[in-house]
Each structure stands twice: as structure tokens, then as C-alpha cells.
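Letters A, B, ... mirror the listed sequences (proteins, then strands); counts begin at 1. Everything quoted here is computed from the prediction, not taken from an experiment.
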There are 2 protein chains.
Amino acid sequence: MELAEAKQVIERALHEKKMLLIVGACKAEYWGRAASKLPQGKRLLVCKGDGSFALHQNKLLRPTNYMMNATYSLNHDPSKSELVLEARKTNPKETIKVYFESIEHVYASDMDLGKSDLRLFGTEKELSDQLMQGLDFIEPGLRPVKQENPLRTGMIDILAEDAQGRLVVIEVKRRLADYDAVTQLRRYMEVVKKLKGKETRGILIAPEIRSTAKDLLEREGLEFYKIDFEIGNPRAKIKGLEKKQKTLFES
Amino acid sequence: MELAEAKQVIERALHEKKMLLIVGACKAEYWGRAASKLPQGKRLLVCKGDGSFALHQNKLLRPTNYMMNATYSLNHDPSKSELVLEARKTNPKETIKVYFESIEHVYASDMDLGKSDLRLFGTEKELSDQLMQGLDFIEPGLRPVKQENPLRTGMIDILAEDAQGRLVVIEVKRRLADYDAVTQLRRYMEVVKKLKGKETRGILIAPEIRSTAKDLLEREGLEFYKIDFEIGNPRAKIKGLEKKQKTLFES
DNA sequence: GCTGGGAGAGGCTTA
DNA sequence: TAAGCCTTTCCCAGC
């Protein structure tokens with residue numbers, strides 16, 4: 001395809017905020033939060049109606065170069081037989097230059113910008129909501145008190161109270177809990193204990209826990225419950241639960 | 001475009017590991033680590049040669065649905081006038097089904113899978129390499145001992161020794177350091193202190209630090225140096241440095 | 001607009 | 001494979 005011809009199509013597509021696809025041989029340079037150089041090669045460039053810019057190779061999910069809220073300038077230098085697309089943005093200031101040596105394919109589609117209409121199920125918030133409905137299945141008399149309790153240094157997922165009137169800090173993870181999850185829980189537990197000046201427990205609820213994280217958790221006298229939840233529609237359904245070690249306060 | 005015709009092109013492209021682009025009206029369902037439903041709408045589907053699958057709307061950088069290492073099955077039900085592309089993978093087990101009602105455009109390009117040929121500058125590793133060249137500009141007599149020192153629970157970016165022979169654990173961040181960066185540093189510092197049984201310092205080097213993180217850092221007696229570096233080619237250049245509070249061991 | 005934190009994070013490296 | 005961690009993380013919700 002002639003570069004001059006491609007330029008026409010591209011300019012029009014960008015102006016009309018269409019979904020623009022370009023397949024061609026190019027090199028690219030990026031300067032902004034970091035910097036990068038991409039040598040010559042055949043690539044796919046996708047420019048979306050909202051100013052999203054993504055240059056893809058034929059592997060991996062993520063683009064090699066990308067930009068949000070880009071504004072474009074397009075320049076064709078016939079003497080160098082090169083079509084240069086420059087994407088810019090401010091805050092932070094970034095630039096990507098794509099130098100097309102040849103263009104194999106251009107396609108522009110009038111696609112609705114629409115709102116994000118994806119409905120996602122099985123998020124951490126959903127799981128937390130479900131737990132707020134009741135915690136008796138974990139332990140009789142354990143009842144949720146407050147969800148998303150803000151502390152200076154983070155947010156307690158669920159604050160609860162057990163049958164003995166002790167405060168229970170609950171940290172929820174929708175997937176493999178790691179070292180950070182446990183240090184988070186410990187931190188919140190310590191804050192609450194200091195704040196309220198009474199015995200406080202810390203419970204981590206997750207489908208799984210990393211071994212090193214489990215070690216720390218046990219050393220700190222925190223509790224872990226393995227939760228088995230079904231990703232459902234419209235909400236996560238808790239299928240099972242398994243206690244992984246004794247409570248500090250159990251004999 | 002006829003669905004039956006599209007099916008031929010798509011099947012061939014997938015088999016030949018070409019970069020495949022499909023623009024069409026579809027709905028989609030995902031089931032795996034979470035679950036999602038995407039109602040009818042015009043979208044772009046990109047299937048790459050390495051099995052990367054991404055369904056894009058005309059906004060945002062990230063796809064609404066995606067999968068790595070997908071294997072495909074394609075089915076055309078003429079009675080329902082529907083072309084169904086199913087992407088599957090195991091570990092974890094995931095499925096995406098895309099139901100095409102109509103297809104506006106299909107394009108397949110024989111694009112090299114190649115190796116990742118992007119050269120990126122201004123990474124943390126680069127910054128760390130630069131610091132390994134010498135730390136005298138931070139403090140006279142401070143010298144790097146080891147880079148990327150592995151611990152059971154993580155990696156020390158730089159282990160150094162100061163003029164007094166004390167071990168210094170250095171954590172480097174290329175951008176705003178957060179609470180986690182400080183807990184990381186504290187963890188490594190504690191491990192080293194216990195291991196070596198002698199006075200140990202912990203230094204965080206970053207262009208900026210979050211206020212809550214700074215609080216923790218100061219409470220823990222750790223040190224923060226604000227680094228000002230220029231993203232260069234081929235390496236980050238350290239332009240300036242500012243000490244943000246006194247060392248524990250200073251009067 | 002900036003800030004904080006989750007994500008179906010992705011992707012890389014090493015044990 | 002699991003663990004740990006960096007990323008031009010992206011993205012959203014809250015302030």
C-alpha cells in the first residue's frame with residue numbers, strides 16, 4: 001500500500017475517532033516515564049477512539065509500546081519513503097514515534113466508544129460483601145461489624161466481633177495470599193489492638209496461602225481460613241471452608 | 001462478510017500462527033479465575049501467534065477479555081447464524097467464548113514471532129547497576145558489596161558497607177516508593193541484622209516517597225535518599241541526591 | 001486533579 | 001513449578 005494513500009486513511013480515522021488498525025514494517029522510539037527503542041520489524045498498531053495507542057508484536061498480551069490519551073501528528077516524508085506517526089501526551093510528558101517503512105494493511109472501523117459494559121464476577125469486593133452477610137459458618141457467634149474500615153495506613157476489609165466480645169480483624173484475598181497480605185493483616189490487627197486496648201484477633205481468608213506467608217502468620221498467632229468459593233452469577237458463593245490452625249485463644 | 005468464509009480464513013490463520021485480526025459484532029463469556037459476561041457489541045479480536053488472545057472495545061489500553069497460551073476451537077452454526085470461537089487453557093483452567101453474530105473484517109498477517117527486541121531504558125535494574133559503580137556520592141566511605149542478594153523471602157537490591165564497617169541494606173525504586181517498599185526494606189534489614197549479628201542500616205533510594213511510607217520509615221530508623229535521575233541512553237544518569245533525614249547513628 | 005489499592009494483573013528471573 | 005518482584009504496570013473509586 002502506498003504510504004501517501006495510507007496517510008489519508010489514517011488521518012481521517014484518527015479524526016473520526018474510529019478504531020484504527022495498521023499492519024506494517026516500522027521502528028519505534030519512546031520517551032517518557034522510561035525510554036525505549038524498538039528496531040525495524042513488522043508490527044500491529046491499534047489506535048482507539050479514546051486516544052489509546054498500542055504497538056503490538058506477534059506475541060504476548062501487552063504491547064511493546066503504548067500510550068493513553070494520545071494526540072497524534074502524522075508526517076510523510078516522500079524523500080525518505082517514511083510515514084511517521086507521533087503520539088504525544090502531557091502529565092506525564094511522553095512521546096512515541098513510529099517510523100513506518102512500509103504499510104501492508106490499514107483498516108478503520110466506526111466502533112462505538114460506549115461505556116464499559118463488561119460485567120465481572122468473583123471480585124474481592126463481591127467476596128467481602130458475601131462475608132458481610134454472616135460469618136457464623138466460620139465460627140459460631142462471629143459477626144461482621146464493619147466493612148472497609150479506613151485506617152491511616154490502609155483499609156480493614158472486615159471488622160468483626162467474636163462470641164467472647166473480642167474484636168476480629170479480617171483480611172480477604174480472592175486469590176493466593178502472599179507475604180504482604182499477612183503483614184497487612186498484622187499491621188491492622190496491631191492498630192486495632194492498640195486503639196481499642198483489648199484482645200484482638202486477626203483472620204486471613206483466602207483460597208490459598210503461600211508457604212512463607214503461612215510461616216509468618218503462624219509465628220504471629222494469626223489465623224488462616226481456606227475459603228472455597230464458587231465464581232457465580234451474580235455473586236460469589238462460598239462453598240466450603242477449612243480452618244488451617246488453632247486460634248490463639250483455643251486450648 | 002459471510003461467516004462461513006470468515007471461518008476458513010480464521011482457521012487457517014490460527015493454524016499458521018499468524019497475527020489474526022477480526023472486527024465484528026459479538027458477545028462474550030469468560031470463566032476461569034473470575035467470570036464475566038460481555039453483551040453484544042462491535043469489537044476487535046486479536047489472536048497472536050503465541051496463543052495470546054485479546055478482545056478489545058474501542059477504548060482503554062487493556063482488553064475486556066484476554067488469555068495467554070490459548071488453544072482454539074471454532075464452530076459455525078448456520079442455523080443460528082453464529083460463529084463461535086472458543087479459547088481454552090489449563091493451569092489455571094479458563095475458557096472464553098466469543099459469539100460472532102456478524103463479521104465485518106478479517107485480516108491475517110504472517111508476522112515474525114521473533115524474540116522481544118524492545119530495548120528499554122530507565123529501569124530499576126539500570127539504576128541499581130549505576131549505584132553499584134559507587135556510593136561515595138551518598139556518603140563518603142559507603143561502598144557496594146553485592147547486588148541482588150537473595151534471601152529466603154526476597155532479594156536485597158544492594159548490600160553495602162559504610163565507613164564504620166556496618167552493613168547497609170539498600171532498596172532502590174525507580175518511582176514513588178510506597179508502604180510496601182519500606183516494609184520490604186525493613187524485612188531485609190532485620191534478616192541481615194539477625195544473620196550477621198551486627199549493627200545494620202537500611203537505606204531507601206527513590207525519586208519520591210509516599211507520606212505514610214515515610215512515617216513508617218522514620219519510626220523504624222531507616223533512611224531515605226531522594227534520587228534525581230535522568231533517563232538516558234544507554235543508562236540512567238544520576239543527577240542529584242538529597243538526604244531526607246538523619247541517620248540513626250548520627251548525633 | 002491527585003492518591004491509594006486491586007487486578008482474571010502480566011511478565012521475568014531464580015531456586 | 002513456585003516464589004518473589006518490577007512494571008512506561010493499568011484502572012477505578014474516593015477525596
Side-chain angles (χ1 to χ4, degrees), chain A residues 29-36 52-55 59-69 87 89 91-96 116 118 120-128 148 150-155 157 172-181 184 208-215 231, chain B residues 30-36 50 52-54 59-69 89 91-96 116 118 120-128 148-157 171-181 184 187-188 208 210-213 231:
Chain A
E29 294 165 3
Y30 159 70
W31 198 276
R33 286 170 287 175
S36 73
S52 302
F53 167 107
L55 186 61
K59 66 181 285 198
L60 297 183
L61 285 169
R62 292 171 60 84
T64 55
N65 290 97
Y66 53 91
M67 190 180 292
M68 259 296 292
N69 300 325
K89 79 184 288 270
N91 198 19
K93 193 182 175 198
E94 297 184 297
T95 307
I96 301 174
S116 180
L118 181 77
L120 184 64
F121 311 105
T123 60
E124 180 179 308
K125 178 62 166 50
E126 212 175 72
L127 187 50
S128 176
E148 293 181 19
L151 298 182
R152 196 169 51 83
T153 173
M155 189 91 82
D157 287 338
V172 183
K173 291 291 169 208
R174 67 172 302 286
R175 56 187 174 126
L176 181 64
D178 58 12
Y179 211 92
D180 279 341
Q184 248 184 71
E208 220 166 338
I209 187 168
R210 212 155 261 178
S211 60
T212 52
K214 183 112 184 297
D215 291 347
I231 295 154
Chain B
Y30 159 70
W31 198 277
R33 284 170 289 177
S36 73
D50 68 339
S52 301
F53 166 108
K59 65 183 286 197
L60 297 183
L61 285 169
R62 290 172 61 84
T64 56
N65 290 98
Y66 54 92
M67 190 179 291
M68 259 297 291
N69 300 326
K89 79 184 288 268
N91 196 18
K93 194 184 173 194
E94 296 184 297
T95 307
I96 300 175
S116 181
L118 181 78
L120 184 64
F121 311 105
T123 60
E124 178 183 308
K125 177 62 167 51
E126 211 174 74
L127 190 50
S128 174
E148 293 181 20
N149 194 315
L151 299 182
R152 194 170 52 84
T153 173
M155 189 91 82
I156 297 174
D157 286 340
E171 177 69 28
V172 183
K173 292 289 171 209
R174 71 174 298 284
R175 56 181 180 137
L176 179 66
D178 59 12
Y179 211 93
D180 279 343
Q184 245 184 75
R187 187 161 77 236
Y188 303 155
E208 221 166 337
R210 210 159 262 175
S211 62
T212 53
I231 294 156

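- If you check every strand for non-hydrogen atoms under 4.0 Å, B:Q184 touches sugar and phosphate atoms only.
- Within the nucleic acid shown, B:E171 comes within 4.0 Å of sugar-phosphate atoms alone, with no base atom in reach, counting heavy atoms only.
- An OP1 or OP2 oxygen of C:dA9 is reached within less than 4.0 angstrom by no side-chain nitrogen or oxygen of B:R62.
- B:Y179 comes within contact range of no nucleotide atom at all, as no heavy-atom separation falls under 4.0 Å.
- Phosphate contact (OP1/OP2 of D:dC6, side-chain N/O of B:K173, threshold under 4.0 Å): present.
- Contact of B:N65 with C:dG8 (side chain to base): a donor-acceptor pair of N or O atoms is detected under 3.5 Å.
- The residue A:M67 sits apart from the nucleic acid: no heavy atom pair falls under 4.0 Å.
- B:R187 comes within contact range of the sugar-phosphate backbone alone, with a heavy-atom separation under 4.0 Å but no base atom that close.
- A:S211 comes within contact range of the sugar-phosphate backbone alone, with a heavy-atom separation under 4.0 Å but no base atom that close.
- Residues meeting the side chain to side chain donor-acceptor pair (under 3.5 Å) test with A:E124, sequence neighbours left out: none.
- Checked against salt bridge (Lys or Arg N to Asp or Glu O under 4.0 Å), A:E148 has no partners two or more places apart in sequence or in another chain.
- Between C:dG6 and A:R175, no contact under 4.0 Å exists linking OP1 or OP2 to a side-chain N or O.
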